[in-house]
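Here is the structure we will look at, set down as structure tokens.
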Amino acid sequence: QQQQQQAPSSCLLLKNMFDSDIETKEEDFLYSDIEDDVKIECSRFGTVIHIHAVPKSEGLVFLKFDDINSSQSAKNNLNGRWFDGKQVSAEFVDIAIYNTRFLEN
């Protein structure tokens with residue numbers, strides 16, 4: 001069953017960016033380190049205005065860029081790429097869904 005592709009937006013979901021078992025393997029593991037690394041990597045595509053690594057997930061990292069061109073460039077460059085022995089997938093996330101999930105108080 002083919003998943004319907006999300007229309008381009010300024011928001012991305014990256015999968016397989018880290019090992020979900022890593023917290024139990026490394027005492028000093030911090031999700032902020034993952035977020036910092038991904039933000040640095042993705043900043044070459046444009047301005048990253050929000051990032052969130054999901055704890056105990058399949059290496060999920062949500063990203064929001066300041067424009068669609070930046071997220072499109074990041075998706076094109078990162079989707080299918082190998083990172084730390086895992087193949088990364090990148091997909092667009094609807095901005096309304098993203099904003100609902102990460103709405104700042």
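As the structure is a computational prediction, the values presented were derived from the model and not from experiment.
- Residues V61 and I49 fall into different hydrophobic clusters, defined by Ile, Leu, Val, Met, Phe, Trp and Tyr side chains chained together at heavy-atom separations under 4.5 Å.
- Applying the side-chain contact (heavy atoms from CB on, under 4.5 Å) test between C42 and each of N77, I51, V48 identifies V48 as the sole match.
- The side chain to side chain donor-acceptor pair (under 3.5 Å) test applied to N69 returns no partner, not counting sequence neighbours.
- Residues F92 and S71 meet the side-chain proximity criterion, which asks for heavy atoms closer than 4.5 Å.
- Residues satisfying the side-chain contact (heavy atoms from CB on, under 4.5 Å) criterion with D37, sequence neighbours excluded, are absent altogether.
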Evaluation steps, ring-ring contact (aromatic ring centres under 6.0 Å, His included), between Y31 and H52: CA-CA 8 Å; Y31 285 99; H52 178 74; 8.4 Å; no

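- Sequence neighbours left out, the pairs with a member in residues 43-53 that pass salt bridge (charged side-chain N to carboxylate O under 4.0 Å, His left out) are E41-R44.
- By the ring-ring contact (aromatic ring centres under 6.0 Å, His included) test, F62 is found to be paired with F102, residues two or more places apart in sequence or in another chain being considered.
- Side-chain N or O atoms of S89 include none that pairs as donor or acceptor with a backbone N or O of N79 at under 3.5 Å.
- Going from atom CG of L14 over to atom NZ of K75 covers 10.5 Å, rounded to the nearest 0.5 Å.
- Residues forming a side-chain contact (heavy atoms from CB on, under 4.5 Å) with I95 (at least two apart in sequence, or on another chain): S10, C11, K64, N99.
- Under the 6.0 Å cut-off for aromatic ring centres, H50 and F65 do not qualify, their centroids lying 6.0 Å or more apart.
- By the side chain to side chain donor-acceptor pair (under 3.5 Å) test, D67 is found to be paired with S70, residues two or more places apart in sequence or in another chain being considered.
- Judged by distance alone, with hydrogens and angles left aside, the side-chain atoms of N16 form no donor-acceptor pair with the main-chain N or O of K86 at under 3.5 Å.
- For N76, the side-chain contact (heavy atoms from CB on, under 4.5 Å) partners two or more places apart in sequence, or in a different chain, are Q72.
- Evaluation of the ring-ring contact (aromatic ring centres under 6.0 Å, His included) test over residues 66-90, restricted to residues two or more places apart or in two chains, returns none.
- Other residues, nucleotides and ligands contribute at most 12 non-hydrogen atoms within 6.0 Å of the CD atom of E58.
- Under the 4.5 Å side-chain heavy-atom criterion for ILVMFWY residues, no single connected hydrophobic cluster contains both I68 and L63.
- With hydrogens and angles disregarded, no donor-acceptor distance shorter than 3.5 Å links the side chain of Q6 to the backbone of V93.
- Every residue two or more places apart in sequence or in another chain was checked for a side chain to side chain donor-acceptor pair (under 3.5 Å) with E35, and none qualifies.
- A pairwise comparison of heavy atoms in V54 and S57 identifies O-OG, 2.6 Å as the closest pair.
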